[in-house]
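When reading the values below, keep in mind they use all heavy atoms of this one structure, side chains included, and skip hydrogens, waters and symmetry mates.
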Amino acid sequence: MKIAILGGSFNPLHIAHAMLAETAVRELGYDKVLFIPTFIPPHKELSGTVSAKERLEMVRVFCEREGNGHFELESCEVERGGVSYTYDTLCYLLEKYKGQLENKPALLMGEEIAAQFSKWKNAQAVAQMADLIIFPRFPDSFGANRKSCGNKASGHYVADFEIHFDKESFGFPCKVIDEPLLPVSSTQIRQRALCGKSFKYLVPPAVFDYIIEHKLYLER
């Protein structure tokens, strides 16, 4: 079995996440994509009032309804609690799937994340444990109100897109996909929801239904 890993805050999960996972299955040949919501991301402070449990459930309903069995929720980071480090998650997954994998799991990420990969916990070990697959991404040019909806960088990280990703100076084995991700961001969606604007087609149907049912991202 070939698995790919897609981690993130999923605040909320949107169509660019879904397309990235579909690309991994249909074009890169992976049998399963594990969606792994973070509990506390090490690189940013999460914005908004949506809980880790609610973010987890959004991903759960999406995976149950989409992907034709190729998408699966992996809740280990929320269950583990604390700061969610990819190194710890990889150690857990390699043990969980021991004897089942054809090769290394793939770690899927946008280039704005890859630009700061060297700052990750045990980055060199992560690059040896997984195949890094990087997707170009357009900066979020929506102009969202960062004070109410944007995430703040934490620790020694800087905000997304403030550092340009350069494959030549990246320093780790990786594969860069030619086609950019769709120019959609969770910040954009939160801002539109807060302002009462339409966002229905920026998220998968299952996620939209969950947001509306539970009245997420509205001013509380």
Backbone N/O of [Y] and side chain of [X]: donor-acceptor pair under 3.5 Å:
{"X": "Arg192", "Y": "Lys200", "result": "no"}
{"X": "Ser186", "Y": "Pro12", "result": "yes"}
{"X": "His214", "Y": "Leu216", "result": "no"}
{"X": "His70", "Y": "Asp31", "result": "yes"}

Straight-line distance of [X] [atom1] to [Y] [atom2], nearest 0.5 Å:
{"X": "Glu54", "Y": "Asn11", "atom1": "CD", "atom2": "CG", "value": "10.0 Å"}
{"X": "Cys76", "Y": "Leu73", "atom1": "SG", "atom2": "CG", "value": "9.0 Å"}
{"X": "Ile134", "Y": "Phe117", "atom1": "CD1", "atom2": "CZ", "value": "8.0 Å"}
{"X": "Glu64", "Y": "Glu72", "atom1": "CD", "atom2": "CD", "value": "11.0 Å"}
{"X": "Glu57", "Y": "Phe10", "atom1": "CD", "atom2": "CZ", "value": "14.5 Å"}
{"X": "Ile40", "Y": "Ser9", "atom1": "CD1", "atom2": "OG", "value": "12.5 Å"}

Considering non-hydrogen atoms only, spot the tightest contact between [X] and [Y] and give its length.
{"X": "Ser84", "Y": "Arg80", "answer": "CA-NH2, 4.4 Å"}
{"X": "Phe35", "Y": "Cys63", "answer": "CD1-SG, 3.8 Å"}
{"X": "Ala193", "Y": "Phe199", "answer": "CB-CE2, 3.8 Å"}

Donor-acceptor pair between Arg60 and Ser75 side chains, under 3.5 angstrom: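 No pair is found: no donor N or O on one side chain lies under 3.5 Å from an acceptor on the other.
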Step-by-step side chain to side chain contact (heavy atoms under 4.5 Å, CB included) determination, Val184 to His17: CA-CA 9 Å; Val184 178; His17 297 131; over 6 Å; no
Without placing hydrogens or testing angles, list every side-chain donor-acceptor pair under 3.5 Å for residues 90-108, not counting sequence neighbours.
residue: Lys96; atom: NZ; partner: Glu74; partner atom: OE1; Å: 2.7
residue: Lys104; atom: NZ; partner: Gln128; partner atom: O; Å: 2.9

Whether Phe170 and Phe172 hold their rings parallel, tilted or perpendicular, with breakpoints at 30° and 60°: perpendicular
Plane angle bin for Phe62 and Phe71 - parallel if under 30°, tilted between 30 and 60°, otherwise perpendicular: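 The rings of Phe71 and Phe62 lie parallel, inter-plane angle below 30°.
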Side chains of [X] and [Y]: does their closest heavy-atom pair fall under 4.5 Å?
{"X": "Thr86", "Y": "Pro42", "answer": "no"}
{"X": "Asn122", "Y": "Tyr85", "answer": "no"}
{"X": "Met19", "Y": "Leu181", "answer": "no"}
{"X": "Thr89", "Y": "Glu77", "answer": "yes"}

Pair Lys175-Leu28, side chain to side chain contact (heavy atoms under 4.5 Å, CB included): steps then yes or no: CA-CA 11 Å; Lys175 178 178 182 179; Leu28 303 181; 3.9 Å; yes
Tell me which donor-acceptor pairs under 3.5 Å the side chains of residues 201-212 have, and how far apart each pair is, sequence neighbours excluded?
residue: Asp209; atom: OD2; partner: Arg65; partner atom: NH1; Å: 3.4

Derivation of the side chain to side chain contact (heavy atoms under 4.5 Å, CB included) call for Glu111 and Val176: CA-CA 9 Å; Glu111 64 179 3; Val176 178; over 6 Å; no
